[in-house]
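Order of appearance sets the numbers: ligands from 1, and atoms from 1 within every ligand.
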Amino acid sequence: MPKHPFAKTSRKPPKKLQFQPTQWFDRLDSTNAHLQQMFRENHAIADGTVIAAREQSKGRGRNNRSWLSVAGKDLTFSFLLRTQMDPTEQVALPLVVGLAVATSMETLLIQPRLKWPNDILVNGKKLAGLLVEKLNNPESGESAIIVGIGVNINTEHGQISRIDQPATSLILEKDHEFPLTQVLDVILSHLARWIDTWEAEGFDAISPAWLQRCEMLNNEISVTDTSGKVIKGTMSGLGPQGQLLLTDQAGVTHTLWSGDVTLRS
Ligand code: BTN
């Protein structure tokens, strides 16, 4: 008897992510904050709604940091995702999104590396970052996710040095300008492909491609967890939901769901 295509994983037949035409804004405080506001005003806002800003005055980064971008030069956008994945599986979404940004950069002949959980680096310098925020509709109990992505595109040396960590941009890597809308379209097509794969087949289908581009696999790292505790060891892999597996000197493997990672070598 032929096997049902979803028999192995018992997953729901996945929906396909279809991005809506991008809504461009000249200036926003933050595309994540604005999309959040749009969701509050209309909880039925469509899956795959995308907004982009030519300028962000209060870009938000992870862990309450700010995200600096240059007006008209960089890509700052957010999209809304309604996923069927269980909350425990949703932990892997930042890795799925990071992988999609990395593979889209490869089509532009840039070879980024991934730093857990969601940094996109070129030669150790940050090219792009992403921020995943969950929203709940208190009336229906329904939830949605906002994914915000910032990519340094046409930022030159003088401007990039204002970022508080080593950073790079496409123009600095390739010596020519990139049209923002075309780069956005490439990223959106890779996002749709990888998010569809993740929803259909789970994180097992993502993990090998992510690890292949990982900056830290088998390297000495330190991880500062949310309580400020530092754990040192070697990155030995990823868990089934994208958790960081760190093996310490005593040979004990720790499974970390969140934290800030530093490469020690
Ligand atoms: C990080 O690496 O700290 C995450 C940075 C995420 C920045 C993007 S830019 C578009 C979207 N809007 C925001 O305010 N933040 C995200």
- Who's closest to atom 10 (C) of ligand 1 heavy-atom-wise, of Thr31, Ile120, Leu68? Thr31
- Side-chain H-bond candidate by donor/acceptor type, Thr224 with Asp260, under 3.5 Å: no
- atom 3 (O) of ligand 1: the protein heavy-atom neighbour that sits closest, reported with distance to 0.1 Å: Arg62 N, 2.8 Å
- Item | Ligand-residue contact atoms, ligand 1 with Arg60, heavy atoms, under 4.0 Å | 5 (C), 6 (C), 7 (C), 13 (C), 14 (O), 15 (N), 16 (C)
- Query: Among Ser69, Gly150, Gly61, which residue places a heavy atom closest to atom 8 (C) of ligand 1?
  - Reply: Gly150
- Query: With atoms numbered from 1 as shown, which atoms in ligand 1 lie under 4.0 angstrom from a non-hydrogen atom of Gly129?
  - Reply: 2 (O), 4 (C), 5 (C), 6 (C)
- Ion pair check, Lys15 and Asp47, cut-off under 4.0 Å: yes
- Measure the distances from the heavy atoms of Gln56 to every atom of ligand 1 and state whether one is below 4.0 angstrom. yes
- Nearest heavy-atom approach of Asn152 to Lys126 is ND2-O, 3.3 Å
- Message: Does atom CG (Asn42) have a neighbourhood of more than 12 heavy atoms from anything else shown, all under 6.0 Å?
- Response: yes
- Task: Kindly check if the number of other-residue, nucleotide or ligand heavy atoms within 6.0 Å of NE2 (His157) is above 12?
- Result: no
- Top protein contact for atom 5 (C) of ligand 1, by heavy-atom distance: Trp67 CE3, 3.4 Å
- For Gly59, the ligand 1 atoms with a heavy-atom partner under 4.0 Å come out as 14 (O)
- Message: At under 4.0 Å between heavy atoms, is it the side chain or the backbone of Ile149 that contacts ligand 1, or both, or neither?
- Response: backbone
- Between Ser169 and Thr155, does any side-chain donor sit less than 3.5 Å from a side-chain acceptor? no
- Geometric N/O contact Lys126 with ligand 1, under 3.5 angstrom: yes
- Message: Test side chain to side chain contact (heavy atoms under 4.5 Å, CB included) on Leu238 and Trp116; report intermediate values, then the result.
- Response: CA-CA 9 Å; Leu238 289 175; Trp116 188 89; 3.8 Å; yes
- Message: Quick check on Lys134: does its NZ atom have over 12 non-hydrogen neighbours (other residues, nucleotides or ligands) under 6.0 Å away?
- Response: yes
- Message: Heavy atoms only, cut-off 4.0 Å: how does Leu130 contact ligand 1, side chain, backbone, both, or neither?
- Response: backbone
